[in-house]
*Asks:* 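I have a structure I would like to understand better, so I am pasting it below and will then ask my questions one at a time.
Note that ligands are numbered from 1 as they come in the structure, with each ligand's atoms numbered from 1 the same way. In this chain, numbering begins with 1 at the start of the sequence shown. We use all heavy atoms of the structure for the numbers below, so side chains are in, but hydrogens, waters and symmetry mates are not.
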Amino acid sequence: MFENLSDNLSKIFSKLKGKGFLSEDDVNAAMREVRIALLEADVALPVVKEFINKVKERAIGQEVIKSISPAQMVIKIVQDNLTETLGSTSAEINLNVTPPAVIMMVGLQGSGKTTSAAKLALYLRRKKNKKVLLASLDIYRPAAQKQLEVLGKQIEVASLPIIEGEKPEAITKRALEAGRLEGFDVVILDTAGRLHIDQELMKELQAVRKLANPAETLLVADSLTGQDAVNIASEFNNQIGVTGIILTRIDGDGRGGAALSMRQVTGCPIKFMGVGEKISEFEEFHPSRIASRILGMGDIIALVERAAENVDIEEAKKIEQKIRKGSFDLDDLAKQLKNMRKMGGIGSLMGMLPGIGKIKKQIDESGLANDNIFIRQESIIYSMTKKERRSPDLLNASRKRRIAKGAGVEVSEVNRLLKQFKGMETMMKKITKMDKKSLMRGGMKGLMGK
Ligand SMILES: Nc1nc2c(ncn2[C@@H]2O[C@H](COP(=O)(O)OP(=O)(O)OP(=O)(O)O)[C@@H](O)[C@H]2O)c(=O)[nH]1
Ligand SMILES: [Mg+2]
């Protein structure tokens, strides 16, 4: 997939890699080559222009993070822009309607509609646990309806019984009715293709669309046809409205022009891709994963991201020194609490860990994942005077009452925070001998009070 583009880009970047410093000329020269590589990959010219401009703008004058080279920074910027060009975020299939959700497949002859209808049905059955009905409206090509029925049998998905001589609109009505009566979650309508876009085909599709009111109208486009695929998608979108694109034959596409131009030219997100003839060879389209596959530089991207995180590590070092000197006070604790919230709080951090689903309920009940706790603790600290924050020992009963009132909490909560802080102090005295890693772990636990 996209091998040619991938090769060309990695050649360009390997030239940059040795350099410790990149001048504006270096960046410009590299971008000229990237531009050629994109044009060779058959990416639409306006898309190439915008891409190059954005990368230049971001690369020149960009502050380079310590510990990575400027070249690595440029690669990261190119990767980010590739992702953006491909669509930024992954677009999920929309089934958010009263069932059955209708999905209408449209596209030119031979683009892969029927195969993709079956692939999508299998995906929905396996991954989304949906009960799917397949129905073919292709009454023009001999045996087209039979083709879908056979595929349905292979993947154990129901298909609408074929009635000879029935017109597309009548088939649509029957499919919707069967969908409702037999409790299907999804009805996939496979339509007929033509060699070219013609008014007769568009009229028929418009009529079916009006009748079926689909949750998704998916255009199936052959990525091997490059810019033609993009133009066809625009045309379909203008005439009948497309909610998403399935790009087929990505497995044979060394260039990637269709994939890279599709989103920007048509405004429609690519939702899935066909990566082979087998029914299982079908994947969700994730722009960031595709971008890193194209660049084939996952290691560098990870490095840059880690370096960016290190900025926070420097902050952590300062705190560590304060701890060693025994001057860590409530102000520092408030800073730490804010950092935790900035990182998305404990709840979202935990969400990233595999296998957390099972114990999620316990975590919720324990209140650990509740970011409100951080906010409340912060506001307690900020209700103290500067002097009190530096020397919490000053806090007698009347001061505590004042602080609780200021923060809108009970005095017991103020006490709990102080107890935690005391616990941290004791612990900090112990851990000054330990290594940094256990310091971080101990610090977290200290904040949680246990
Ligand atoms: N390699 C590869 N082949 C594919 C892919 N998707 C579809 N095909 C093949 O493309 C050919 C045409 O696919 P169909 O699904 O029949 O295309 P269609 O759009 O329904 O065609 P019409 O109904 O005639 O308009 C078949 O031989 C498929 O196996 C893909 O992602 N990769
Ligand atoms: Mg077909």
Side-chain angles (χ1 to χ4, degrees), residues 1-4 93 103-124 132-155 157 159-160 162 166-168 171-172 175 187-198 200-205 208 214 216-226 228-233 235-236 239-240 242 244-259 262 270-286 289-290 293:
M1 167 185 178
F2 311 152
E3 306 81 8
N4 305 350
I93 187 144
I103 300 174
M104 190 173 155
M105 314 289 281
V106 300
L108 288 193
Q109 200 172 83
S111 57
K113 291 178 299 299
T114 305
T115 316
S116 299
K119 286 175 169 181
L120 182 61
L122 182 64
Y123 164 89
L124 291 173
V132 183
L133 177 67
L134 286 164
S136 168
L137 312 185
D138 187 353
I139 57 172
Y140 307 101
R141 191 165 57 79
Q145 289 174 289
K146 193 81 194 158
Q147 181 194 358
L148 188 66
E149 188 182 271
V150 171
L151 289 172
K153 282 212 176 97
Q154 269 177 36
I155 55 172
V157 166
S159 55
L160 190 75
I162 299 166
E166 200 175 29
K167 293 271 186 291
I171 302 173
T172 304
V187 174
I188 299 180
L189 300 175
D190 179 24
T191 63
R194 298 278 160 85
L195 272 177
H196 307 284
I197 293 177
D198 62 54
E200 209 182 331
L201 169 71
M202 288 299 165
K203 257 201 204 129
E204 181 183 305
L205 293 176
V208 170
E216 289 271 13
T217 304
L218 299 178
L219 177 90
V220 180
D222 178 353
S223 72
L224 292 183
T225 61
D228 278 347
V230 180
N231 296 334
I232 288 158
E235 193 62 29
F236 268 89
Q239 298 219 28
I240 45 175
V242 168
I245 288 159
I246 299 181
L247 211 49
T248 60
R249 298 205 184 84
I250 294 249
D251 49 304
D253 182 12
R255 308 205 288 171
M262 200 55 105
I270 303 173
K271 295 200 169 174
F272 296 97
M273 54 186 184
V275 292
E277 291 200 44
K278 285 202 221 104
I279 303 292
S280 58
E281 286 169 324
F282 185 72
E283 293 176 16
E284 292 171 355
F285 190 87
H286 295 294
R289 284 186 218 165
I290 307 284
R293 272 202 230 173

*Asks:* What protein heavy atom sits nearest atom 1 (N) of ligand 1, and how far off is it?
*Replies:* Asp251 OD2, 2.8 Å

*Asks:* Give a yes or no on whether a salt bridge exists between Glu235 and Arg194, defined as a side-chain N under 4.0 angstrom from a carboxylate O.
*Replies:* no

*Asks:* Could you tell me whether ligand 1 has any atom less than 4.0 Å away from a heavy atom of Gly110?
*Replies:* yes

*Asks:* Below 4.5 Å, heavy atoms only, C-beta onward: do Ile93 and Leu218 meet side chain to side chain?
*Replies:* yes

*Asks:* Does ligand 1 have an atom that lies less than 4.0 angstrom from a heavy atom of Ser111?
*Replies:* yes

*Asks:* Applying a strict 4.0 Å limit to heavy atoms, is Gly276 in contact with ligand 1?
*Replies:* yes

*Asks:* For ligand 1, which atoms sit closer than 4.0 Å to a heavy atom of Asp138?
*Replies:* 23 (O)

*Asks:* Just go through Glu277, Gln147, Met273 and tell me whose heavy atom is the nearest to atom 29 (O) of ligand 1.
*Replies:* Glu277

*Asks:* Can you sort out which atoms of ligand 1 are near Gln109, meaning under 4.0 Å from one of its heavy atoms?
*Replies:* 24 (O), 25 (O)

*Asks:* Hey, are the side chains of Tyr140 and Glu204 touching, using non-hydrogen atoms and a 4.5 Å cut-off?
*Replies:* yes

*Asks:* What atoms of ligand 1 come within less than 4.0 Å of a heavy atom belonging to Gly274?
*Replies:* 31 (O)

*Asks:* Below 3.5 Å, N or O to N or O, backbone or side chain included: is there any such pair between Asp190 and ligand 1?
*Replies:* no

*Asks:* Are side-chain heavy atoms of Asp251 and Glu281 found at a separation under 4.5 Å?
*Replies:* no

*Asks:* Counting each atom of ligand 1 from 1 as listed, which ones have a heavy atom of Thr114 under 4.0 Å away?
*Replies:* 15 (O), 18 (P), 20 (O), 23 (O)

*Asks:* Do any nitrogen or oxygen atoms of Thr248 lie less than 3.5 angstrom from nitrogen or oxygen atoms of ligand 1?
*Replies:* no

*Asks:* Side-chain contact test, heavy atoms from C-beta onward, threshold under 4.5 Å: evaluate it for Glu283 versus Phe272 and give yes or no.
*Replies:* no

*Asks:* Flag Ser136 as yes if one of its N/O/S atoms falls below 2.8 Å of the Mg ion (ligand 2), otherwise no.
*Replies:* no

*Asks:* Can you figure out which of Met105, Arg249, Lys113 has its heavy atom closest to atom 12 (C) of ligand 1?
*Replies:* Arg249

*Asks:* Do Ile139 and Glu166 touch side chain to side chain, with heavy atoms closer than 4.5 Å?
*Replies:* no

*Asks:* Against heavy atoms of Val275, which atoms of ligand 1 measure under 4.0 Å?
*Replies:* 31 (O)

*Asks:* Any N or O of Ser116 that comes nearer than 3.5 Å to an N or O of ligand 1?
*Replies:* no

*Asks:* For residues Leu205 and Gln239, determine if any side-chain heavy atom of one lies less than 4.5 Å from a side-chain heavy atom of the other.
*Replies:* no

*Asks:* Measure the distances from the heavy atoms of Arg194 to every atom of ligand 1 and state whether one is below 4.0 angstrom.
*Replies:* no

*Asks:* Taking both backbone and side-chain atoms of Ile250, is any N or O found less than 3.5 Å from an N or O belonging to ligand 1?
*Replies:* no

*Asks:* So Leu122 and Phe282, do their side chains get closer than 4.5 Å, heavy atoms only?
*Replies:* no

*Asks:* Using a 4.0 Å heavy-atom threshold (strictly under), name the region of Lys119 that reaches ligand 1: side chain, backbone, both or neither.
*Replies:* side chain

*Asks:* Considering non-hydrogen atoms of the protein only, which is the closest contact for atom 15 (O) of ligand 1, and what is the distance?
*Replies:* Thr115 OG1, 2.4 Å

*Asks:* Assess whether a salt bridge exists between Lys203 and Glu200, defined as any Lys/Arg side-chain N lying under 4.0 Å from an Asp/Glu carboxylate O.
*Replies:* no

*Asks:* Is there a side-chain contact between Ile103 and Leu120, using heavy atoms and a 4.5 Å cut-off?
*Replies:* yes

*Asks:* Give the minimum heavy-atom separation between Val220 and Met105, together with the two atoms involved.
*Replies:* CG2-CE, 3.9 Å

*Asks:* Need the ligand 1 atom indices (1-based, order shown) with element for anything under 4.0 Å from a heavy-atom of Gly193.
*Replies:* 25 (O)

*Asks:* Quick check: closest heavy atoms across Leu133 and Ser159, and the distance to 0.1 Å?
*Replies:* CD1-C, 3.8 Å

*Asks:* Tell me, which protein residue and heavy-atom name are nearest atom 23 (O) of ligand 1, and how many Å apart are they?
*Replies:* Arg141 NH2, 3.4 Å

*Asks:* Of the non-hydrogen atoms in Ala192 and Asp138, which two are nearest, and what is the gap between them?
*Replies:* CB-OD1, 3.4 Å

